[in-house]
Amino acid sequence: MEENNACQKLAGLAAQIAAPNQYLSPTDFILLLGEQSAGIRRGLPGLSDLGRGGQFRPFVGIAVSSVIFGSKLTVWLSENVRRDSARSPDGR
């Protein structure tokens, strides 16, 4: 049996969050996933969390940022503040 990789771990955590909370809004689900997987706090403290690295933070951070700022501002922040290449997964 293969060892769990980061994607499998994130999917497992998402399932653990979703199962008992089936009535969570998509926004609340993403924010809770961000908190539990990447330590992205809600509110103003979470803004500094979005800039730090970590195992899940690149993917979940983009999702949380999209919920907070919208997709256009998230793309701009990714490319201009985080310096993600437009061709990278985060830049796309």
Side-chain angles (χ1 to χ4, degrees):
M1 180 176 242
E2 284 186 36
E3 233 179 88
N4 282 343
N5 63 33
C7 290
Q8 290 170 319
K9 289 177 184 177
L10 183 60
L13 179 58
Q16 288 176 354
I17 291 171
N21 298 300
Q22 62 184 352
Y23 299 109
L24 274 178
S25 71
T27 296
D28 286 336
F29 173 78
I30 292 293
L31 294 175
L32 191 55
L33 183 64
E35 272 182 330
Q36 291 189 16
S37 68
I40 302 169
R41 298 167 288 180
R42 293 183 186 217
L44 290 177
L47 298 179
S48 67
D49 297 335
L50 287 170
R52 292 195 320 251
Q55 184 176 23
F56 298 125
R57 194 165 283 116
F59 171 75
V60 177
I62 293 294
V64 171
S65 181
S66 294
V67 166
I68 295 170
F69 300 119
S71 61
K72 288 182 181 181
L73 183 53
T74 295
V75 168
W76 186 89
L77 289 168
S78 176
E79 292 177 357
N80 295 287
V81 175
R82 291 182 40 88
R83 303 279 190 229
D84 294 324
S85 165
R87 294 185 188 110
S88 74
D90 290 341
R92 289 190 305 262

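Side chains are part of it too, since the values below use all heavy atoms of this structure and drop only hydrogens, waters and symmetry mates.
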Visitor: Could you give the distance from CD1 (Ile68) to CD1 (Ile40), rounded to the nearest 0.5 Å?
Guide: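 That separation rounds to 8.0 Å.
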
Visitor: Which residue pairs pass the side chain to side chain donor-acceptor pair (under 3.5 Å) test with at least one member in residues 23-35, sequence neighbours excluded?
Guide: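 Output for this query lists Ser25-Asp28.
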
Visitor: Name all pairs fulfilling the salt bridge (Lys or Arg N to Asp or Glu O under 4.0 Å) condition that reach into residues 61-78, sequence neighbours left out, sorted by first residue then second.
Guide: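 Every candidate salt bridge (Lys or Arg N to Asp or Glu O under 4.0 Å) pair involving residues 61-78 fails, so no pair, neighbours aside, qualifies.
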
Visitor: To the closest 0.5 Å, what do you measure between CG (Leu50) and CG (Leu77)?
Guide: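 With rounding to 0.5 Å, CG (Leu50) is 9.0 Å from CG (Leu77).
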
Visitor: If you define the side chain from C-beta out and look only at heavy atoms, does anything of Ser37 sit under 4.5 Å from Lys9?
Guide: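 Heavy-atom side-chain distance check fails, nothing below 4.5 Å.
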
Visitor: I'd like a table of donor-acceptor pairs (distance under 3.5 Å, sequence neighbours excluded) in which one partner is a side-chain atom from residues 60-67, with atom names and distances.
Guide:
residue	atom	partner	partner atom	Å
Ser65	OG	Thr74	OG1	3.0
Ser66	OG	Ile62	O	2.9

Visitor: Return the set of residues passing side chain to side chain donor-acceptor pair (under 3.5 Å) with Arg42 (not counting sequence neighbours), or none when no residue passes.
Guide: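 Partners of Arg42 by the side chain to side chain donor-acceptor pair (under 3.5 Å) criterion come out as none, since no residue qualifies.
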
Visitor: Run the side-chain contact (heavy atoms from CB on, under 4.5 Å) test against Gln16 and tell me which residues pass, sequence neighbours left out.
Guide: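 Here the qualifying residues are Leu13.
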
